[in-house]
Amino acid sequence: MIVIGAGIVGVSSALYLARAGLNVTVVDPLPPGSATSFGNAGMVRHDCNVPVAIPGMLRQVPGWLLNPLGPLVLRPSYALKAAPWLLRWIRAGRMDRVNIAADALWKLHESNLACYRDLIGNDTFEALVREVGGIQIWESEGTGLSDRITAEINRRQGVVTEPLSRRDLERLLPGISPIAKRGLLYPNNAHTINPHRLVTAIADRVRQAGGSFASERVLKIIPREGGGYTLITNTANRSADKVVVAAGAWSNRLLEPLGATLPLETERGYHLMLPSPSIELPMPLQMKNRGFALSPMEHGLRLAGTVEIAGLEAAPDERRSEILLSHARALFPDLKGGEPTMWMGYRPSLPDSVPAIGQAERHRSLYIATGHGHTGMIGGGSTGRLLAELVTGSQPHIDPAPYSPARF
């Protein structure tokens, strides 16, 4: 069996498949965890299961688009190509669809921490994961429509939150700027101090379970008469009875010739890594008005977030990383650190924020695991478990229907 993609979803799927007795090869031109999984904000559990497109947020989009360095930007040269996806994304923001998507995310994310503990073992889990909670921060005193929608979904799902006053923020986060007016604590959230090391730890266990990795780029998947597939890579031809496409934002390039294309778009995300920061955060923070996060990592403070719709080919806009430091210093005016490094990654996003997990339409033994958008680390382990259950015909631990690629 071949798994295409060595990000968090691919390696998690590969390990569960190898443990189920399958002979697994993971094919990716880059080492495990070196693409999108490398540079995210590190959240591995987030009790807030609200999809990106919700009514209150959609009202803010036009204003964001007018600011080239705001939390959401659409490059003019890519606008026409992105338009169909953006229209589907807007339609997904209707409340009936929002509730369906939120419940699907909740079910998928609920067991993710337990899956990571199972995948890498207690000792490695304790070394890499911090179950210390997370804080959301607003610059406004009052709540908006999106805040009320989120609160109602949290209430319905039984998510524990604690409101934080300005005084609470000052107590928890010394040196925080007066622009932070209120916050919300999610005490059950968790993050990894190094997403790359988490992925490589799972990849090591894939090898220990008998799986292998091939540093190749898959160029095309060709169905064989009688079943199975031939994969043309940049250096070889590979045969497999079953194939999993977990290639993130690049998945459609492999699915399109097979007629199995998804409404998949790339939400490009940026980070700026600040070594030796002058502040020590007790847990990750999300600055909601500005669409970015500050995550304490083992090598420094990671400033991550915002969205750029510009496809897979455009060069990075380094200003998107640099502005993150400006946002962070607006929140912590005395923030200092060593020489920062910049990064950009490609979030594979579906309009409803719910990943596609399951068998491709009209193709036996071809499986898809992609489209996690902003929640790849938050649902990567449980996605791998569900995918392996579907491949092996085992009883799924959750209802797979909400994630079916056939829903589009």
Exercise. Within 45° of the six-membered ring axis of Y229 and under 6.0 Å from that ring's centre, is NZ or CZ of R224 located there?
Worked result: no

Exercise. Is there a salt bridge (charged side-chain N to carboxylate O under 4.0 Å, His left out) between E322 and R319 once you walk through the steps?
Worked result: CA-CA 5 Å; E322 292 165 351; R319 297 175 302 168; over 6 Å; no

Exercise. Are R156 and N99 close enough that a side-chain donor and a side-chain acceptor fall under 3.5 Å?
Worked result: yes

Problem set entry | Flag, side chain of R217 to backbone of D28, donor-acceptor distance under 3.5 Å | no

For this session: Could you name each residue pair satisfying side-chain hydrogen bond (donor to acceptor under 3.5 Å, both in side chains) that touches residues 173-183, not counting sequence neighbours?
Result: D147-R182

Exercise. If you take all heavy atoms of A14 and V24, which pair is closest and at what distance?
Worked result: CB-CG1, 3.8 Å

Problem set entry | E280 atom CD, neighbour heavy-atom count above 12 within 6.0 Å | no

Problem set entry | Close side-chain approach of L17 to V3, heavy-atom, < 4.5 Å | yes

For this session: Measure from the side-chain N and O atoms of S382 to the backbone N and O of S111, and report whether any donor-acceptor pair falls under 3.5 Å.
Result: no

Seminar exercise, completed: The reported gap from OG in S404 to CD1 in I368 (rounded to nearest 0.5 angstrom) is 9.0 Å

Exercise. With a 4.5 Å heavy-atom cut-off, do P187 and V132 have their side chains touching?
Worked result: no

For this session: Among I279, L281, L164, find the residue that satisfies the side chain to side chain contact (heavy atoms under 4.5 Å, CB included) test when tested with L173.
Result: L281

For this session: Kindly indicate, with the supporting measurements, whether the criterion side chain to side chain donor-acceptor pair (under 3.5 Å) is fulfilled by H372 and T383.
Result: CA-CA 10 Å; H372 292 72; T383 294; 2.8 Å; yes

Exercise. Looking at side-chain heavy atoms only, is the closest gap between P284 and M43 below 4.5 Å?
Worked result: yes

Exercise. What's the verdict on salt bridge (charged side-chain N to carboxylate O under 4.0 Å, His left out) for R290 and E139, showing C-alpha distance, side-chain angles and the deciding distance?
Worked result: CA-CA 9 Å; R290 304 193 186 203; E139 297 176 56; 2.7 Å; yes

Exercise. Can you tell me if CZ on R364 sees more than 12 non-hydrogen neighbours from other groups inside 6.0 Å?
Worked result: no

Exercise. Are any of the side-chain heavy atoms of E170 and D168 separated by less than 4.5 Å?
Worked result: no

For this session: Taking atom types as modelled, find out whether T25 and S212 have a side-chain donor-acceptor pair closer than 3.5 angstrom.
Result: yes

Seminar exercise, completed: Given the options V73, L72, T266, E308 meets side chain to side chain contact (heavy atoms under 4.5 Å, CB included) only with V73

Exercise. Within the side chain of R19, is there an N or O that forms a donor-acceptor pair under 3.5 Å with the backbone of L119?
Worked result: yes

Exercise. Of all residues at least two apart in sequence or in a different chain, which pass the side chain to side chain donor-acceptor pair (under 3.5 Å) check with S13?
Worked result: none

Exercise. Would the number of heavy atoms belonging to other residues, nucleotides or ligands and lying under 6.0 Å from CZ of R197 be above 12?
Worked result: yes

For this session: Check whether any side-chain N or O of N112 sits under 3.5 Å from a backbone N or O of V44 as a donor-acceptor pair, and report yes or no.
Result: yes

Problem set entry | Polar side chain donor-acceptor pair, Y186 to N154, under 3.5 angstrom | yes

Exercise. Between R205 and T124, do the side chains contain an N or O donor and an N or O acceptor separated by less than 3.5 Å?
Worked result: yes

Problem set entry | Minimum side-chain heavy-atom gap L331-I176 below 4.5 Å | yes

Exercise. Would you say T161's side chain and L185's backbone share a donor-acceptor pair under 3.5 angstrom?
Worked result: no

Exercise. For Q286, which residues count as a side chain to side chain donor-acceptor pair (under 3.5 Å) partner, sequence neighbours excluded?
Worked result: H46, Q136

Exercise. For D47 and Q157, does a side-chain donor sit closer than 3.5 Å to a side-chain acceptor?
Worked result: no

Problem set entry | For T233, all residues meeting side chain to side chain donor-acceptor pair (under 3.5 Å), sequence neighbours excluded | E216

For this session: Determine yes or no for a side-chain-to-main-chain donor-acceptor pair under 3.5 angstrom, with D352 supplying the side chain and A92 the backbone.
Result: no

Exercise. For the residue pair Y346 and W250, does the interplanar ring angle fall in the parallel (under 30°), tilted (30 to 60°) or perpendicular (over 60°) class?
Worked result: perpendicular

Seminar exercise, completed: Which of Y270, F332, F292 passes ring pair (Phe, Tyr, Trp, His ring centres under 6.0 Å) with H327? It is F292

Exercise. Distance-only, no hydrogens or angles: does the T370 side chain make a donor-acceptor pair with backbone N or O of G248 under 3.5 Å?
Worked result: yes

For this session: With salt bridge (charged side-chain N to carboxylate O under 4.0 Å, His left out) as the test, would you mind laying out the steps for E389 and R385 before giving the verdict?
Result: CA-CA 6 Å; E389 289 163 348; R385 179 182 174 187; 3.2 Å; yes

Problem set entry | Side chain proximity check, N289 to S140, heavy atoms < 4.5 angstrom | yes

For this session: For E256, enumerate each residue passing the side chain to side chain donor-acceptor pair (under 3.5 Å) test, keeping only those at least two apart in sequence or located in another chain.
Result: none

For this session: Give the minimum heavy-atom separation between I357 and L386, together with the two atoms involved.
Result: CG2-CD2, 4.1 Å

Exercise. Is there side-chain contact between L113 and V129, with heavy atoms separated by less than 4.5 Å?
Worked result: yes

Exercise. Taking only residues two or more places apart in sequence or in another chain, which ones pass salt bridge (Lys or Arg N to Asp or Glu O under 4.0 Å) with E265?
Worked result: none

Problem set entry | Test side chain to side chain contact (heavy atoms under 4.5 Å, CB included) applied to F213 and V206, step by step | CA-CA 9 Å; F213 288 79; V206 172; 3.8 Å; yes

Exercise. Would a 4.5 Å heavy-atom cut-off, applied to side chains only, mark R320 and T306 as touching?
Worked result: yes

